[in-house]
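Down below is the structure, laid out as structure tokens.
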Protein chains: 2
Amino acid sequence: MDSSTPNRQASRSRDPERTKGEILAAALAVFAENGYDGARIQQISHRAGCNPRLIYHYFGSKDDLYLAALRKIYAEIRSREEDLNLAALAPREAILRLAEFTFDFFDGNAPFVSITRSENLLGGQYIRQLPEINRLSNPLIEKIAEVLKRGEGTGEIRPGIDPMQLYISIVALSAHHINAAHTLSATFGTDLTDPKWRQTRRAHVVTLVAAAVSKEKSQS
Amino acid sequence: MDSSTPNRQASRSRDPERTKGEILAAALAVFAENGYDGARIQQISHRAGCNPRLIYHYFGSKDDLYLAALRKIYAEIRSREEDLNLAALAPREAILRLAEFTFDFFDGNAPFVSITRSENLLGGQYIRQLPEINRLSNPLIEKIAEVLKRGEGTGEIRPGIDPMQLYISIVALSAHHINAAHTLSATFGTDLTDPKWRQTRRAHVVTLVAAAVSKEKSQS
DNA sequence: CAAATAAGTAAACGCTCGTTGAATTATAAT
DNA sequence: ATTATAATTCAACGAGCGTTTACTTATTTG
């Protein structure tokens, strides 16, 4: 009706895909900043610039939205993982490249680290509903195993290193100072979020990994 | 016993110290299991076997109770830290002992790991109110620095290792598989909470730290 | 013993938040 | 245009939870 123009704010243009995407992106940010329990539906909808009702229209519930966010960040990791071409590198170089890649990935993806933290706080009850994550992660371990085996053959790499243990160690060294940045910063009186500190940390981690996998020269 | 002297013998129904202690212990467990937001006052009081009102009677608010729990777990770490006598050990042995100690400490203190996780999720807003934690942690770094310096002198330890970076690495290697047990278990299809796996992990971490700090034999 | 004080209880208030019913408006098809 | 469909909005419900008021009961003190 043109007789009574509603004076309310101009309504959103209709673009379900964009709205859906904006909700998911906002959810990712809010869940990352506040965790599952701390995140507010209102906050997410506000950040997405939409009505709270739309979240239920498109995603059903807070749980399902969280699941979608979880699925998204792991999909992103998966796609990045494929960029790694470990088989084409010399064994020792491959491990170092993996360490650098992993460090930089976490360093530039605070939401991933945060949501992972939240999910672990919840006892993994949501990630357990996403069986595809397991299927997509095993190939990486196999690639690492292949690199280690190759390195043992050439004598570059100390034998007996378990690929999954090594990868978890690389993840640990790359993620924990982000995961526990606030408590560690308070504990040691140093700002672990400072880019300079992160740079120093990166060098330390790479050096440590290099020393850990390199074969020692005939310890007598 | 003199009947006129105030006797501290506990009466079943009235024992403020015991009640206070039970509330704090219950709070620790519940905060650890559910995080700050997920923890329920009712749940804590039920676990403590007391009326919810008593939590406010003794601690004031949920925030203050959480602060008390946070203070308690760090006090426990502090007291255990003192058991370490790094200066009395050979440099390389001292580092390995520190790694073992740290690993075992986290392995046996799930509440500490969990509450630390919760605190980081909250942006460190509570630990920032406990400045004593910093004062009590710096001595450890200084001890590590002394050990590393000594090790450089004897040639046992590779020069140039930063003590805080090393300690954070040890913490990372010891804590991350606990912190992220659920997501990593789901990701790799392996139960990281299994005691056998933890045993394997322990050996891997110690070996890795040993290789990382040991001086390489004249790499040309 | 009587008064004072502290421990412990019962019940509800007020607010927040996830969620939903139902109306409204824009877009697409007939 | 008319109709159908789906996107969007509005307002409110109902449950849960931190917190508080007011009360009861035990212990201590003079």
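No experiment lies behind these values; they were computed from the predicted model shown.
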So if I take residues 44-53 of chain B and measure heavy-atom distances to DNA chain C, which residues fall below 4.0 Å?
B:N51, B:R53
How close do A:S169 and B:H204 get, heavy atom to heavy atom, and via which atoms?
OG-NE2, 2.9 Å
How far does the helix from C:dC1-D:dG30 to C:dT30-D:dA1 bend, going by the axes of its first and last five pairs, to the nearest 10°?
10°
Going by atom types only, do A:Y66 and A:S118 share a side-chain donor-acceptor pair under 3.5 Å?
yes
Check whether the side chains of A:D37 and B:Y36 place a donor and an acceptor atom closer than 3.5 Å, and report yes or no.
no
Under 4.0 Å from OP1 or OP2 of C:dG8: is there any side-chain N or O of B:T19 that close?
yes
Any residue of residues 56-65 of chain B with a heavy atom less than 4.0 Å from an atom of DNA chain D
B:Y56, B:S61, B:K62
Under 3.5 Å donor-acceptor pairs involving side-chain atoms of residues 100-113 of chain B, not counting sequence neighbours:
| unit_1 | atom_1 | unit_2 | atom_2 | d |
| --- | --- | --- | --- | --- |
| B:T102 | OG1 | B:L98 | O | 2.7 |
| B:D104 | OD1 | B:R202 | NE | 2.8 |
| B:D104 | OD2 | B:R202 | NH2 | 2.7 |
| B:D107 | OD1 | B:R198 | NH1 | 2.9 |
| B:N109 | ND2 | B:F105 | O | 2.7 |

Should the heavy atoms of other residues, nucleotides or ligands under 6.0 Å from CD of A:Q199 be counted, would the total exceed 12?
no
Which residues, if any, of residues 117-130 of chain B bring a heavy atom under 4.0 Å of DNA chain C?
none
Under 3.5 Å, is there a donor on one side chain and an acceptor on the other for A:D63 and A:S61?
no
Taking the side chain as every heavy atom from C-beta outward, state whether B:Y74 and B:I127 have any pair of such atoms under 4.5 Å apart.
yes
Does the side-chain contact (heavy atoms from CB on, under 4.5 Å) test come out yes or no for A:I95 and A:L166, once each step is laid out?
CA-CA 9 Å; A:I95 299 299; A:L166 176 62; 4.0 Å; yes
So the side chain to side chain donor-acceptor pair (under 3.5 Å) pairs with at least one residue in residues 38-53 of chain B (sequence neighbours excluded) are B:E33-B:R47
